[in-house]
Amino acid sequence: MKKWENNVRRVTPYVPGEQPRQKDVIKLNTNENPYPPSPMVAEALKNMTTDTMRKYPSVDAQPLTDEIAGFYGLKPGQVFVGVGSDDVLAMCFLTFFNSGKPILFPDITYSFYDVWAEVFRIPYECQKLDENFEICPEDYYQENGGVIFPNPNAPTGTLLPLEAVEDIIAHNQDVVVIVDEAYIDFGGTTALSLIEKYDNLLVVQTFSKSRSMAGMRIGYAMGNETLIRYLNDVKYSFNSYTMNEAALTLGTAAIRDRAYFEETSAKIIATRERTKEELRQLGFSFGDSKANFLFATHRTCPAKEIFEALKQAGIYVRYWNKPRISNYLRITIGTDEEMDRLFAFLREYLK
Ligand code: PMP
């Protein structure tokens, strides 16, 4: 080992789901939306000129921040935007989790949390989900340096009722609590109504799932203006222009089309409920997902075998060889046609 390597900030990086290059695969492995973004996004893209690229974009991410604030009935100063919610969450870790005490999150959850904790040297403790893979609010009553959990949780898909979310926040008013609502639009109730009551609450959402724009990388946090100001101070200390012009313009167009967003989200919910029926008949069991994916285990066939067989057939789902979840598959909800091809394959394979 070279001497300089002693001074390297070493981390084991997050491993994202595969992005296969072939076009003809059925991609149910990274919780993308199977429908295109709103036609208003296509229209806005057509109208974009290269002249907008010549100049630096808006420092305060206008008009996107205004549009998001308008959509949720907030003031622009209550919204922080970033390059996907991954960027927003990383900024939150860096800004708010500095007490030296361990932050708390579930043992089975978004596998980026421990990576950010490691990279920023934030101590953390994982609280075990119960045997039904549910979060137990009492596990978050102890002294800590901050709390973060997704709702619905990932990769389990299960939703914590708003009262239980509030219970966690109410017991943690001396630290920042982050509710990661990447999947909230597929049937959950957002904790946004609580941001006036709790000045330590941040609600984080994304354009990657319910707004079909994972490739544009737009995420946002909503909270009281003081929290947002602290976040912006840290962001501006890295890079003043995190949001590129295309993201600002096209994200704004997406938010404006409420009807399309509601229609595509409803379609995914309907397909998810049908998928539950089909998979149950094929011998799978799973929690009651309120997200755009199911976390399923099969009565007899090991998850890893199904995962590999599906991949051979050009159907990508997600599998983790990790404690407690190594016999589960996370299956993103695609279009009805894509799901039908999945069911047809499984019907044959599991015979
Ligand atoms: N939070 C959760 C729980 C997620 O599953 C994801 C998607 N991988 C993200 C945040 C980040 O999504 P994005 O950066 O695309 O907004």
Side-chain angles (χ1 to χ4, degrees), residues 13-19 27-34 37 61 64 68 79-94 103-117 119 126 129 133 135 147-160 165 177-188 190-191 202-222 231 235 242-244 247-248 250-251 254-255 261 268 272 287 289-295 316-320 322 325 328-333:
Y14 171 75
V15 185
E18 251 178 285
Q19 295 293 106
K27 202 173 167 303
L28 308 175
N29 69 334
T30 51
N31 298 343
E32 288 142 339
N33 195 310
L64 182 61
I68 295 172
V79 179
F80 172 87
V81 295
V83 186
S85 53
D86 282 341
D87 179 49
V88 173
L89 291 166
M91 286 290 152
C92 291
F93 272 57
L94 189 59
I103 61 165
L104 305 180
F105 50 82
D107 64 335
I108 302 169
T109 196
Y110 186 29
S111 47
F112 224 137
Y113 297 161
D114 56 344
V115 176
W116 289 313
V119 73
C126 295
L129 297 184
F133 286 170
I135 290 175
V147 174
I148 178 162
F149 58 93
N151 199 38
N153 194 10
T156 59
T158 50
L159 182 78
L160 199 59
V165 172
V177 177
I178 301 170
V179 185
D180 176 354
E181 294 188 340
Y183 303 102
I184 198 71
D185 297 322
F186 302 109
T190 173
L202 268 175
V203 173
V204 175
Q205 297 191 5
T206 178
F207 280 54
S208 300
K209 317 295 177 183
S210 55
R211 289 192 167 79
S212 308
M213 291 176 83
M216 264 337 270
R217 312 304 299 127
I218 307 170
Y220 50 106
M222 299 173 284
L231 266 177
K235 166 181 143 159
T242 46
M243 304 304 287
N244 70 61
L248 295 176
L250 305 181
I255 282 277
F261 153 76
I268 288 167
R272 177 188 70 209
S289 170
K290 296 287 181 203
N292 67 338
F293 55 84
L294 297 184
F295 198 52
Y316 284 66
V317 299
R318 194 86 197 262
Y319 170 77
W320 289 272
K322 281 188 176 177
I325 60 168
Y328 283 80
L329 298 172
R330 192 195 66 188
I331 306 167
T332 303
I333 305 300

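Values below: all heavy atoms of this structure, side chains included; hydrogens, waters and symmetry mates excluded. Read the numbers this way: they start at 1 and go in the same order the structure lists the ligands and their atoms. Residues: numbered from 1 along the sequence shown.
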With heavy atoms of [X] as the reference, note each atom of ligand 1 found under 4.0 Å away.
X	result
S208	13 (P), 15 (O), 16 (O)
Y183	3 (C), 4 (C), 5 (O), 7 (C)
A182	1 (N), 2 (C)
G84	14 (O), 16 (O)
R217	13 (P), 14 (O), 15 (O)

For the backbone of K209 and the side chain of N33, can you confirm whether one donor and one acceptor N or O come within less than 3.5 Å of each other?
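Yes; at least one donor-acceptor contact below 3.5 Å.
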Could you check whether any side-chain N or O of S85 sits under 3.5 Å from a backbone N or O of G219, counting only pairs where one atom can act as donor and the other as acceptor?
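Pair absent, no side-chain N/O of S85 close to backbone of G219.
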Can N153 and T158 be counted as having a side-chain donor-acceptor contact under 3.5 angstrom?
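T158 and N153 do not have a side-chain donor-acceptor pair below 3.5 Å.
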Going by distance alone, is a donor N or O of one side chain under 3.5 Å from an acceptor N or O of the other, for N292 and Y183?
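There is no such pair between these side chains.
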Does the structure place the NZ or CZ of R330 under 6.0 Å from the centre of the six-membered ring of Y319, at an angle of no more than 45° from the ring's axis?
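Geometry flag: not set, cation outside 6.0 Å or 45°.
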For atom 12 (O) of ligand 1, what's the nearest protein heavy-atom neighbour? Residue, atom name and distance, please.
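Looking at atom 12 (O) of ligand 1, the protein heavy atom closest to it is S85 OG, 3.3 Å.
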Which protein heavy atom lies closest to atom 11 (C) of ligand 1, and at what distance to 0.1 Å?
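In this structure, atom 11 (C) of ligand 1 has D86 OD1, 3.1 Å as its nearest protein heavy atom.
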